[in-house]
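Working notes, structure below.
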Amino acid sequence: EPSKLLEPASARFSSESSERVGEPGKGREGAGVKGERGLQASGPAPGGRKMAEGERQSPPDSLEDTPPATQNFIIPKKEIHTVPDMGKWKRSQAYADYMGFILTLNEGVKGKKLTFEYRVSEAIEKLVTLLNTLDRWIDETPPVDQPSRFGNKAYRTWYAKLDQEAENLVATVVPTHLAAAVPEVSVYLKESVGNSTRIDYGTGHEAAFAAFLCCLCKIGVLRVDDQIAIVFKVFSRYLEVMRKLQKTYRMEPAGSQGVWGLDDFQFLPFIWGSSQLIDHPHLEPRHFVDEKAVNENHEDYMFLECILFITMKTGPFAEHSNQLWNISAVPSWSKVNQGLIRMYKAECLEKFPVIQHFKFGSLLPIHPVASC
């Protein structure tokens with residue numbers, strides 16, 4: 001079930017900043033924005049689908065009038081130092097909010113194609129521009145000649161540029177009245193592109209990018225009606241840039257072979273991608289091992305796009321991805337989706353080698369979840 005991220009944070013997740021009223025949208029938007037309350041602003045989605053749980057429950061008058069500018073932002077740091085610390089993580093507000101964010105987006109993209117017309121706010125456009133900058137820096141930092149095939153050292157040059165510029169990049173997305181949040185939020189961006197010592201990338205880095213987006217929601221830069229664009233526009237662009245990084249600098253997968261054998265580098269697009277396919281009139285899980293079905297539909301569905309990427313890279317998966325082969329036998333996409341969420345928790349969020357690197361601050365705090 002969609003979680004409670006939007007209950008404690010919904011006020012901020014949807015609080016409208018004055019300059020965002022009626023910004024240019026994609027397709028139907030522009031005209032529909034009334035500019036009063038963030039939650040109601042864009043009306044029902046074209047397909048008449050309901051919003052995710054949690055969002056509807058937030059009464060308009062509970063929206064905060066002012067974003068949390070008075071909050072004491074802090075530089076996030078590691079808190080999970082030993083295996084027994086994992087209990088602290090699973091009980092933390094950070095875990096509840098992170099998982100809530102993932103599930104809210106999962107609900108938001110349910111049954112929708114990538115080509116679906118959705119609202120594109122100014123903040124979304126700015127995030128895409130930020131990712132385009134990272135992409136351009138890859139072009140400006142070609143791999144160097146070196147004896148070792150993997151882990152091209154030019155990645156460190158590229159990473160040093162991000163390390164230096166991250167706060168300036170994030171400041172282009174965050175309005176000036178929230179400038180105090182920039183140092184905290186930008187840590188998650190720096191953590192989301194791989195490790196410059198080991199020149200590797202894995203699902204912990206992917207989680208840092210989701211945490212980065214979650215923080216932008218918590219401070220009100222992204223709102224409830226941005227949720228489809230967060231997945232289809234921002235996260236899709238992030239995936240493209242990460243794939244280019246992995247390929248250009250021959251990055252190693254963190255944790256050797258993608259522990260679960262789904263994909264060496266990513267997990268979230270399989271979750272959200274399987275949600276897109278729920279109740280599809282004819283595509284079933286068994287079809288994703290069929291090359292023709294994948295070729296004909298990958299532009300509409302993130303899951304199939306991931307499959308195409310894997311098969312181009314490594315050939316048919318009965319040979320290399322046992323796990324994906326098993327998933328293809330599950331009867332429905334909603335079962336696939338539920339199974340992947342369970343697997344993500346077990347194989348990623350509950351694994352010490354992944355979570356020991358996660359950082360906690362004021363927006364994703366380590367303290368136990370507040371009981372209502």
Once rounded to the nearest 0.5 Å, what's the spacing between atom [atom1] of [X] and atom [atom2] of [Y]?
X	Y	atom1	atom2	value
Glu284	Ser332	CD	OG	9.5 Å
Ile102	Ile271	CD1	CD1	7.0 Å
Tyr98	Trp89	OH	CH2	7.5 Å
Ile75	Ser362	CD1	OG	10.0 Å
Ser192	Leu162	OG	CG	7.5 Å
Lys359	Ile366	NZ	CD1	14.0 Å

Check whether any side-chain heavy atom of [X] sits under 4.5 Å from a side-chain heavy atom of [Y], and report yes or no.
X	Y	result
Phe358	Leu364	yes
Met251	Leu245	yes
Gln266	Gln246	yes
Phe73	Ile219	yes
Leu127	Leu216	yes
Glu350	Tyr95	yes
Ile307	His298	no
Glu125	Val120	yes

* **Basic-acidic side-chain contact under 4.0 Å: Lys161, Glu165** => no
* Asked: Between Arg243 and Glu240, does at least one N-O distance fall below 4.0 Å, as a salt bridge requires?
  ->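 No, no charged N to carboxylate O under 4.0 Å.
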* Apply salt bridge (charged side-chain N to carboxylate O under 4.0 Å, His left out) to Asp139 and Lys244, showing your working. => CA-CA 10 Å; Asp139 296 334; Lys244 184 168 171 177; 2.9 Å; yes
* Are a donor atom and an acceptor atom from the side chains of Asn337 and Ser275 found within less than 3.5 Å of each other? ->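 On atom types as modelled, these side chains do not qualify, holding no pair under 3.5 Å.
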* Asked: How are the rings of Tyr238 and Tyr201 set to each other: parallel, tilted or perpendicular (split at 30° and 60°)?
  -> tilted
* To do: Indicate the ring-plane relationship of Phe267 and Tyr344, choosing parallel, tilted or perpendicular according to the 30° and 60° boundaries.
  => tilted
* If you count the non-hydrogen atoms of other residues, nucleotides and ligands that lie under 6.0 Å from NZ in Lys113, is the total more than 12? -> no
Which heavy atom of [X] sits nearest to which heavy atom of [Y], and what is that distance?
X	Y	answer
Val170	Val185	CG1-CG1, 4.2 Å
Pro253	Phe265	CA-CE2, 3.5 Å
Cys215	Tyr188	SG-CE1, 3.7 Å
Trp137	Thr141	O-OG1, 2.6 Å
Gly108	Gln227	CA-OE1, 3.1 Å
Pro365	Ser92	O-CB, 3.8 Å

* To do: Walk me through it: do Leu277 and Val336 pass the test side-chain contact (heavy atoms from CB on, under 4.5 Å)?
  => CA-CA 10 Å; Leu277 285 155; Val336 169; over 6 Å; no
Does [Y] offer a backbone N or O that forms a donor-acceptor pair with the side chain of [X] under 3.5 Å?
X	Y	value
Arg91	Val369	no
Asp85	Thr82	yes
Asn297	Ala293	yes

* Do Val187 and Leu189 sit in the same hydrophobic cluster, where Ile, Leu, Val, Met, Phe, Trp and Tyr count as joined when their side-chain heavy atoms come under 4.5 Å apart? -> no
* Transitive ILVMFWY side-chain link Phe352 to Met99, under 4.5 Å -> yes
* Can you list the steps and then say if Asp226 with Arg119 is a side-chain contact (heavy atoms from CB on, under 4.5 Å)? -> CA-CA 7 Å; Asp226 288 318; Arg119 174 181 187 278; 2.7 Å; yes
* Are Ile80 and Phe360 close enough, and set up right, to give a side-chain contact (heavy atoms from CB on, under 4.5 Å), and what steps lead you there? -> CA-CA 9 Å; Ile80 307 302; Phe360 300 85; 3.9 Å; yes
* Asked: Taking the six-membered ring for Trp, are Phe116 and Phe232 ring centroids under 6.0 Å apart?
  ->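 No - the distance between ring centres of Phe116 and Phe232 does not fall below the 6.0 Å cut-off.
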* Below 6.0 angstrom between ring centroids: does that apply to Phe212 and Phe209? ->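 Centroid separation for Phe212 and Phe209: below 6.0 Å.
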* Asked: Given His205, which of Val193, Val354, Asp200 fulfils the side chain to side chain contact (heavy atoms under 4.5 Å, CB included) condition?
  ->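 So, applying the side chain to side chain contact (heavy atoms under 4.5 Å, CB included) to His205 and each of Val193, Val354, Asp200, only Asp200 qualifies.
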* Let me see the working for Thr203 and Glu206 under side-chain contact (heavy atoms from CB on, under 4.5 Å), right down to the final yes or no. => CA-CA 5 Å; Thr203 47; Glu206 178 189 71; 4.2 Å; yes
